Amino acid sequence: MLARRGRARAGCAFPFLTMSPVRVRFAPSPTGFFHIGSARTALFNWLYARHTGGTFILRIEDTDTARNSEEFLNVIYDSLKWLGLTWDEGPGAGGDFGPYRQSERAHIYREYLEKLKAAGRTYEKDGATWFKLLGDRHEVYDEHRQKTVTKVKTAPMVIEDAIRGRVERIEDEDFVIVRSDGNPVFHLVNVVDDIAMQITHVIRGEDHLSNSSKHVALFEAFGVKPPIFAHIPLILKQNGPGKMSKRDQGALIEEYQKRGYLPEALVNFICLLGWNPGGDREKLPIAEIVSLFDLPAVNQSNARFDDKKMAHMNMLYLLALPPAEFTARARVYFAAQNVSTGDVSEEYFAAVMALAQPKIKGFEELPAYTAYFWNETYPTDEKAKAKALGKGEPKARLAELAGRLLTADFTSDASVEAAIKALAEERGLGFGDYQGVARIATTGLSAGPSITSLFRLLGRERVIARLERFAATLM
RNA sequence: GUCCCCAUCGUCUAGCCCGGUCAGGACACGUCCCUUUCACGGAUGUAACCGGGGUUCGAAUCCCCGUGGGGACGCCA
């Protein structure tokens with residue numbers, strides 16, 4: 001924990017001015033849905049590229065032909081675009097180092113493999129091609145794997161990590177680089193592509209830290225100086241042990257998209273998992289995050305995901321949205337959810353949204369929160385109804401209110417309020433004696449926007465009709 | 001089992017590099033205020049330096065050892 005600030009200042013304050021331009025890549029494999037952890041890795045790469053004026057590359061690691069799918073590939077594209085993490089090079093974006101799908105780069109891997117073979121750094125075993133480490137060999141029984149393995153006495157590999165400092169790890173076993181079916185393995189293609197695409201910084205999850213010694217060994221075998229690594233901490237699942245996986249609750253980006261979360265809120269939230277701008281600020285615009293972000297400030301310890309805080313961040317962004325923007329996005333949400341809002345006018349829809357925006361935490365609350373605005377068949381919360389009817393004389397209050405509203409002025413919240421207040425005063429009662437029962441009668445709910453606002457919006461006829469209809473059920 | 005990474009409120013974290021502040025903020029939770037409901041907002045409370053040694057006048061901060069958590073150990077990526 002202590003060392004990182006020191007490293008931050010020990011290096012050049014503006015590495016991108018003195019070194020070759022930053023080139024980073026996000027290299028997902030389309031073997032499953034896109035989850036929070038992947039999104040954050042992509043985000044940190046993107047942030048670093050934008051911060052340094054470098055290049056953000058999207059590379060698809062689809063060498064495992066058995067597990068790849070086009071569907072997952074599209075999820076990756078869609079999720080990245082939704083989050084606003086646009087790539088400068090990669091599928092659909094072009095670039096001078098393509099193709100950007102590993103399944104289309106076989107010729108490049110063959111070429112690099114030849115270099116390794118020529119240097120005597122490979123051998124064939126069981127039909128596969130192995131990478132040969134340098135050093136003396138001896139056999140040893142591995143308890144964990146319950147088999148005899150060949151160990152190699154090698155010098156420690158040095159991993160220069162922008163987040164963790166210098167990490168040494170001994171790589172002591174040869175490993176497969178080309179499968180017996182002819183397909184190259186992750187370790188090989190990953191390193192070859194990082195060389196071929198001139199990647200300067202490898203920003204990836206800490207789960208790859210142990211692999212890095214293999215990768216450094218390969219870089220050295222190719223005679224290439226390894227890039228700067230930055231192994232970011234993992235995101236742990238909210239409940240229970242271990243890192244977050246695709247199966248965990250709240251793990252999938254797609255899910256947040258469907259639930260109407262604002263992508264800018266999600267981005268703001270996940271960049272705070274393992275990084276912070278310093279000071280007490282949490283909600284900050286992406287442009288500012290870009291300017292403040294740097295690798296040495298990334299935490300070294302894993303973070304646990306917290307959906308409550310995520311929801312809170314989303315609310316903050318929702319609250320800050322210009323009303324027209326809120327309305328437009330709400331429209332999209334209703335459409336995506338297939339929730340009908342009747343054939344109301346744009347003005348009416350916007351007016352309803354104006355009442356809802358300051359009250360809700362997320363778009364997913366919207367359909368239930370506004371159901372009674374769209375038609376006359378809205379659900380009634382029976383528990384709330386029982387509670388509202390449990391005290392006073394609800395039937396009398398409804399009748400009085402309906403009568404008074406007949407002549408009330410519905411042009412503004414204030415005029416509706418004045419009418420109800422006058423009625424309450426005449427009867428020696430409080431506003432609240434009418435408010436509760438009127439709300440359940442006209443909305444079916446116990447909570448919602450101010451009663452005067454929603455009366456004004458609903459209009460005299462509908463309000464009175466609802467009051468009378470509800471009163472009639474109380475026989 | 002072996003190797004690697006990590007360790008401040010329940011959670012995310014500031015403070016650590018460069019030792020001296022009532023250990024600060026946010027989420028969550030409690031109370032109060034605002035209020036015609038529910039939210040928002042404001043105020044406030046509960047709550048943490050993993051343990052043990054060492055260095056030092058002084059350690060959350062530096063060092064060591066434990067312990068705990070995480071990761072890796074595939075012809076997955």
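Just so we're on the same page: letters track the sequence lines, and every chain starts at 1. Predicted model only: the values in this text are computed from it and were never measured.
- Using a 4.0 Å heavy-atom cutoff across all strands shown, A:P449 reaches at least one base atom of the nucleic acid.
- Considering only side-chain atoms of A:W130, the nucleotide from B:C75, B:C5, B:A77 that sits closest is B:C75.
- Residues forming a ring-ring contact (aromatic ring centres under 6.0 Å, His included) with A:F33 (at least two apart in sequence, or on another chain): A:F72.
- Residue pairs that meet the side-chain hydrogen bond (donor to acceptor under 3.5 Å, both in side chains) test with at least one member in residues 440-456 of chain A, sequence neighbours left out, are A:D413-A:S453, A:D413-A:R456, A:S450-A:T452, A:S450-A:S453.
- Residue pairs meeting the ring pair (Phe, Tyr, Trp, His ring centres under 6.0 Å) criterion with at least one member in residues 410-453 of chain A, sequence neighbours excluded, do not occur.
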Using a 4.0 Å heavy-atom cut-off to protein, can you give one letter per nucleotide of nucleotides 24-30 of chain B, 5' to 3': B if the base is in contact, S if only the sugar-phosphate is, - if neither?
BBBSS--
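- Stacking between A:H144 and the base of B:C73 is present: ring centres sit under 5.5 Å apart and the planes differ by under 30 degrees.
- With sequence neighbours excluded, the residues satisfying ring-ring contact (aromatic ring centres under 6.0 Å, His included) with A:F175 are A:F131, A:H187.
- The phosphate of B:C5 (OP1 or OP2) has no side-chain N or O of A:Q300 nearer than 4.0 angstrom.
- Residue side chain A:K387 does not reach the base of B:U37 through any donor-acceptor N/O pair under 3.5 Å, judged by distance alone.
- One C1' atom belongs to B:A77, the other to B:G71, and the distance between them is 15 Å to the nearest Å.
- When Watson-Crick and G-U wobble pairs are counted only if both distances are under 3.5 Å, B:C57 pairs with B:G20.
- Atoms CG (A:L209) and P (B:G69) sit 20 Å apart, rounded to a whole Å.
- When both distances must be under 3.5 Å, the Watson-Crick or G-U wobble mate of B:A47 does not exist.
- The salt bridge (charged side-chain N to carboxylate O under 4.0 Å, His left out) search around A:E61 returns A:R59, not counting sequence neighbours.
- Put simply, A:N302 has no side-chain N or O that comes within less than 4.0 Å of OP1 or OP2 on B:C12.
- For A:N211, whose side chain is taken as the heavy atoms from C-beta onward, the closest listed nucleotide among B:A72, B:G70, B:U37 is B:A72.
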